Structures are given as structure tokens and as C-alpha cells.
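Written out below as C-alpha cells is the structure these notes cover.
Keep in mind the model is a prediction, meaning the values are calculated, not measured. Proteins get letters first, then strands, A, B, ... in listed order; numbering begins at 1 in each.
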There are 2 protein chains.
Amino acid sequence: MAQIAVVQRTFAVLEAVAASGSASAKEVAGRLEIPLPSVYRLLQELVVAGYLVHLREQGSFELGPKCFDLGLSFRQRVIAPQSIRHAADQVHRALGAAAYFAVYRGEDIVLTYLSDCEKHPRLRPLRFGFHEAAHATAFGKILLAGMEQEQREVYLRARGTPRLTPQTLVDSAGIEAHLDEVAARGIAWEHEEFLPGQTCAAVPVRNGTGMAVAAIAMSIRTPDAAHRHRQIETVLREHAGRCSRYLRMG
Amino acid sequence: MAQIAVVQRTFAVLEAVAASGSASAKEVAGRLEIPLPSVYRLLQELVVAGYLVHLREQGSFELGPKCFDLGLSFRQRVIAPQSIRHAADQVHRALGAAAYFAVYRGEDIVLTYLSDCEKHPRLRPLRFGFHEAAHATAFGKILLAGMEQEQREVYLRARGTPRLTPQTLVDSAGIEAHLDEVAARGIAWEHEEFLPGQTCAAVPVRNGTGMAVAAIAMSIRTPDAAHRHRQIETVLREHAGRCSRYLRMG
DNA sequence: TCGGTATTCTCGTGAGATGAGAACCGAGGC
DNA sequence: GCCTCGGTTCTCATCTCACGAGAATACCGA
């Protein structure tokens with residue numbers, strides 16, 4: 001699978017620097033067990049390319065501008081488009097709850113928009129970017145439920161299903177059974193499985209072919225969710241429909 | 001200067017994808033004039049390394065998780081530390097003006113912290129990250145004034161000195177003369193040279209050896225600056241001193 | 001002036017990157 | 001079912017060019 005040695009080494013060097021924040025050539029050489037001249041060659045290459053900077057006075061290398069640019073490009077590519085953000089903002093307002101938009105992309109689940117405020121804060125651990133605890137969040141579960149079983153197994157095996165609260169579903173049999181139900185209902189509820197005291201719900205957003213490619217979700221304190229399940233489901237579905245329509249139009 | 005062909009090609013491919021947001025192998029091959037099999041090899045390598053993802057259903061490649069990670073690492077490394085952010089917040093509060101902290105790093109000027117609020121908004125074009133208009137901002141000028149002349153010339157030649165407002169200094173003789181004055185006074189004022197209606201000021205933050213490695217700055221609407229130059233200078237200097245002390249302690 | 005460290009240079013060798021071409025695969029169209 | 005046609009992967013003979021030991025040089029602090 002892995003092929004071009006130089007390229008792999010180059011990324012290894014880049015990531016070594018990224019991990020340390022700041023590293024000397026010797027440190028990198030030591031950590032990666034690559035002879036010093038080669039490390040210098042690769043470092044130089046990375047500096048010329050703009051992915052590292054050489055802080056001569058300190059004899060160390062750090063991440064360069066291109067790393068920032070890549071991060072920005074990624075963000076701009078992945079962030080939910082205007083109209084979807086708008087839909088999430090409306091869910092936020094209509095329910096008085098933090099709202100989320102997540103997509104399935106490549107092999108990953110990515111949170112591409114969060115709509116919250118001081119009165120209705122998002123779940124603290126959640127932020128823009130990759131999501132690792134799909135088995136314990138409403139939007140994670142709805143997206144898992146939409147995958148082929150094989151794909152789902154690969155996904156869950158790769159990241160595990162750690163217990164985050166006493167309610168977290170951790171055994172694969174239990175998860176599979178639960179996801180069947182989620183798929184059947186077309187909505188995922190999550191009751192304190194991710195964070196104690198918080199209840200979440202998510203519904204799928206489908207593309208033209210009916211595949212669940214994204215999810216719109218909300219989180220609210222558990223007591224505030226009581227007797228509002230109907231309303232929450234209605235609002236989520238309404239805006240999921242709008243998102244679907246938007247996706248279909250491109 | 002440039003050496004390892006494969007590595008350069010690899011980054012060329014990565015950046016081609018980043019620039020397009022999404023690109024097929026053929027597009028990349030066309031744009032870079034690299035034979036198709038080689039492009040596939042490099043794309044695959046980038047996918048394995050996590051810098052790209054292969055969206056099979058669309059036959060296209062997009063940026064992957066590692067790009068996001070790099071951006072995060074960069075941010076975490078570069079963002080001003082807690083105590084410096086605190087100093088900038090205090091400047092913000094004491095002056096009722098947006099406050100900024102910028103450092104000179106490698107060959108670049110980087111804005112590493114902004115402290116503003118709705119009542120005292122930052123200059124809109126400014127945001128966290130690399131700064132390109134050093135000749136037209138207060139913190140840019142104070143850092144330029146602290147460089148060796150040669151270094152400064154390289155810097156300005158590389159980025160140019162575009163006219164942003166009627167007040168912008170654009171000719172190198174004028175800039176040099178102005179920077180001499182700035183260096184002598186130890187404070188840079190900027191009167192509507194970057195944005196009409198806005199006045200800024202910046203003072204240097206020095207490391208243990210007395211070199212100007214950073215700047216603390218503020219921006220305010222020009223009318224609000226009248227008769228407050230003394231106060232602004234005093235507040236900035238006070239907190240620049242604190243920042244310097246912090247830098248010396250590490 | 002003198003260690004010690006960081007960085008760059010030199011160069012012969014062979015691993016391994018290269019790209020033309022062909023095979024493979026999957027989705028539509030007929 | 002069969003055929004077509006992109007997109008993608010594989011094969012392989014060629015020869016470039018990346019490799020790393022070692023030496024040289026630059027740089028810094030004492």
C-alpha cells in the first residue's frame with residue numbers, strides 16, 4: 001500500500017515537527033532514526049516548500065505558512081454552505097437548543113457547523129472538525145445507521161467505542177440492534193450517552209439518491225427535553241428536508 | 001535550492017487539490033503536466049498519509065484530516081500564550097479599543113492574537129495568521145523598524161507596498177525615512193494608512209537581548225484618538241513591558 | 001583564540017522512482 | 001446479457017537521482 005519512501009519520510013519529518021511544536025534536526029533524526037544528512041535534506045525541502053520555517057537563532061524548525069493555508073483550505077472546503085448554516089441557525093432559534101450539522105466524508109464524520117449561543121451552549125467537547133465518538137452522539141448514530149454494515153464495522157473497529165458515560169452503548173451487538181431501530185425510525189435520540197445531563201437528537205439529510213450523507217442535530221439539557229420530543233422531531237425534520245433540497249440543487 | 005523531485009511533485013499535487021477544493025486525477029495531471037500514472041501514485045500516497053481523501057463516488061480527491069491537524073498544530077504553536085493574551089485584553093479594556101499582538105517569526109509577521117468586541121471591533125481585514133501589509137499597519141511598521149535594513153528590503157520587495165488608502169506610504173525612500181523616525185521614537189502611529197477612518201499605534205515587545213520580536217498594538221476610530229495620544233502610548237508601553245518580562249521568563 | 005555544535009557539501013553506489021502500455025473494474029446504454 | 005467507456009490499478013524494463021558516510025565549513029559562546 002505504502003510506496004514512495006521519500007514522500008513517507010518527508011511527511012514523517014513534517015509530522016514529527018508538528019508533534020513537538022518545535023524540533024531541531026538532531027531531534028527529528030533521533031526520533032525517526034533517519035541519518036542526519038537526509039533529515040537536513042528533507043527539512044530543507046519542507047522549508048523551501050513553505051511547510052516549515054527554520055528559526056536559525058534557535059537552531060530549530062517549526063511549522064510554516066503553508067500549514068496554515070492548508071488548514072484554511074480544508075475549513076473552507078468542508079464548512080457547511082450558507083443556506084445549511086442558516087437552517088441550523090433556525091433550528092437553534094426554534095428549539096432554543098444548540099444545533100449541529102455533520103457530514104459523512106471519505107471515511108470520516110465531520111462536524112461542519114455549530115450554531116449555539118451563551119444561553120444554549122454546544123456540548124463542550126464538540127467543535128468544528130472530525131468527530132471520533134460516533135457511537136455516542138445523535139448525529140454519529142444517524143450517520144452510522146445509514147452506512148452499509150461492513151463500512152460501519154470498519155469505522156467502529158478503527159476508532160473503538162469507548163464508554164463516555166454510564167449510558168454509552170459500548171458492545172457491538174447492542175449498538176447494531178440500536179442502529180437498526182434508529183434506521184427504522186429515521187431519527188436518532190441520544191440520552192446522556194455522550195455527556196451526562198444532555199439529550200440530543202438527529203435526523204438524516206439525504207442526497208438525490210436517498211443516501212444519508214449528512215445529519216442535522218440538536219442538543220439540550222435533559223430536563224428541558226421532557227415532553228418536547230414531538231416538537232423537536234418536527235423541527236429537525238422540517239429543516240432536514242430543506243437541507244436535502246438544497247443538496248439536490250447543488 | 002530545490003532538490004528532491006518527488007517531494008516537490010507531491011506538494012504540487014497536494015496544493016493543486018487544495019486550490020481547486022476538489023479535483024480529479026486527470027485534472028491534476030493536466031494542470032501540472034505530470035503523466036497520469038505518476039499522478040495516481042502521488043495521490044495514493046497522499047491518501048494513505050491522510051492528507052487527501054478519495055471520494056470514489058465522485059471520482060475526485062479532496063483535502064484530508066491531516067490538513068486540518070496541521071492547521072490546528074500551527075495555530076496552537078503560534079497563538080500568543082495566555083499571559084500575553086491577557087495583556088492584550090487589558091489594553092482592549094483600558095483604552096476601549098481593539099488590541100493586537102503580532103510576532104516576527106521566520107520570515108513572516110504573524111498576528112497571534114486579537115482582542116476586540118462589538119463595541120470596539122478589530123479592523124475587518126485583520127485576522128489571526130500571516131500579515132501581508134506591514135508597511136501600512138502600526139504593528140507592521142514597528143516590526144519593520146526593528147529589522148536589519150537588508151532583511152527589511154527583502155521582506156518588502158517580496159510582498160510589495162500596495163496603496164491601501166490615500167495615506168499609505170508606498171515609496172521605499174519615504175518608508176525608510178518614516179521607519180527611522182519610528183525606530184527613534186519606539187512607537188509607530190498609523191493614521192488612516194490601512195483603513196480610512198481608523199488610527200492605530202504599536203510599540204515593540206523586546207526579548208532578553210533587546211531585539212524587537214513582537215508588537216502590541218491597538219486600533220481606534222480616528223476621531224476617538226484625538227487628544228488621547230499620551231494615554232494610548234502610556235497604556236501600550238506599560239503592557240509591552242509586561243509582555244517583555246513574560247518573554248524573558250520563557 | 002579555541003572547543004563544540006549546527007549545517008552544508010562531496011561523491012560513488014544501487015535502490016527505487018518512472019511512465020508507456022495494458023489490464024482491470026464498475027456503471028450505464030443498448 | 002453484452003458492449004462501451006471513463007476511471008483506476010498493475011507490470012516491468014530503464015536509468016535517474018536519492019542515499020548516507022565522511023569531511024568541510026559556519027557559527028557561537030567562552
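Under the 30°/60° scheme for interplanar angles, the aromatic rings of A:F68 and B:F74 are found to be tilted.
The list of salt bridge (Lys or Arg N to Asp or Glu O under 4.0 Å) pairs with a residue in residues 55-67 of chain A, not counting sequence neighbours, reads A:E62-B:R77, A:E62-B:R105, A:K66-B:E15.
When the local axes at the two ends of the helix from C:dT1-D:dA30 to C:dC30-D:dG1 are compared, using 5 base pairs at each end, they differ in direction by 50° after rounding to 10°.
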Show me the donor-acceptor pairs, under 3.5 Å and distance only, between side chains in residues 135-145 of chain A and residues at least two apart or in other chains.
residue : atom : partner : partner atom : Å
A:H135  : NE2  : A:P162  : O            : 2.7
A:T137  : OG1  : A:H131  : NE2          : 3.0
A:T137  : OG1  : A:G140  : N            : 3.1
A:K141  : NZ   : A:H178  : NE2          : 3.0
A:K141  : NZ   : A:W189  : O            : 2.8
A:K141  : NZ   : A:E193  : OE1          : 2.8
A:K141  : NZ   : A:E193  : OE2          : 3.3

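Using a 4.0 Å cut-off between a side-chain N of Lys or Arg and a carboxylate O of Asp or Glu, A:D180 and A:R185 do not qualify as a salt bridge. Taking the charged nitrogens against the carboxylate oxygens, B:E148 and B:R152 have no contact shorter than 4.0 Å, which rules out a salt bridge. With respect to B:E45 and B:R41, no salt bridge is recorded, no charged nitrogen being found less than 4.0 Å from a carboxylate O.
For the pair B:L55 CG and D:dT8 P, the computed distance is 11 Å after rounding to whole Å. Rounded to whole angstrom, the span from the CD atom of B:Q8 across to the C1' atom of D:dC17 amounts to 13 Å. Rounded to an integer number of Å, the gap from CZ of B:R9 to C1' of D:dC17 is 13 Å. Whole-Å rounding puts the A:E33 CD to D:dC19 C1' distance at 17 Å. Remark: P of D:dT8 and CG of B:L52 are 13 Å apart, rounded to the nearest angstrom.
Residue B:Y40 has no polar side-chain atom (N or O) positioned under 4.0 Å from OP1 or OP2 of D:dT9. Applying the 4.0 Å criterion to OP1 and OP2 of D:dC10, one finds that B:R41 has every side-chain N and O outside that range. Within the 4.0 Å cut-off from OP1 or OP2 of D:dG6, not a single side-chain nitrogen or oxygen of B:K26 is found. Between B:H54 and D:dT8 there is a side-chain polar atom (N or O) within less than 4.0 angstrom of OP1 or OP2.
Under the side-chain hydrogen bond (donor to acceptor under 3.5 Å, both in side chains) criterion, A:Y155 pairs with no residue, sequence neighbours left out.
Checked against the 6.0 Å centroid threshold, A:Y100 and A:Y113 do not count as a close aromatic pair.
Heavy-atom nearest nucleotides on DNA chain C were determined for A:A5 and for A:Q58, and the one closer to the 5' end corresponds to A:Q58.
In summary, contact between chain A and DNA chain C, defined as any nucleotide atom under 4.0 Å from a heavy atom of the protein, begins and ends at C:dA6 to C:dA17 in the 5' to 3' direction.
Rounding to the nearest 0.5 angstrom, the gap separating the CG atom in A:L247 from the CE atom in A:M211 is 11.0 Å.
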Distances under 3.5 Å between protein N/O atoms and the N/O atoms of nucleotides 21-28 of chain D, please, pair by pair.
none

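Checked by atom type, the side-chain pair B:Y246/B:Q82 shows no donor-acceptor distance below 3.5 Å.
Annotation: side chain of B:L32 is not in contact with side chain of B:V39 (no heavy-atom distance under 4.5 Å).
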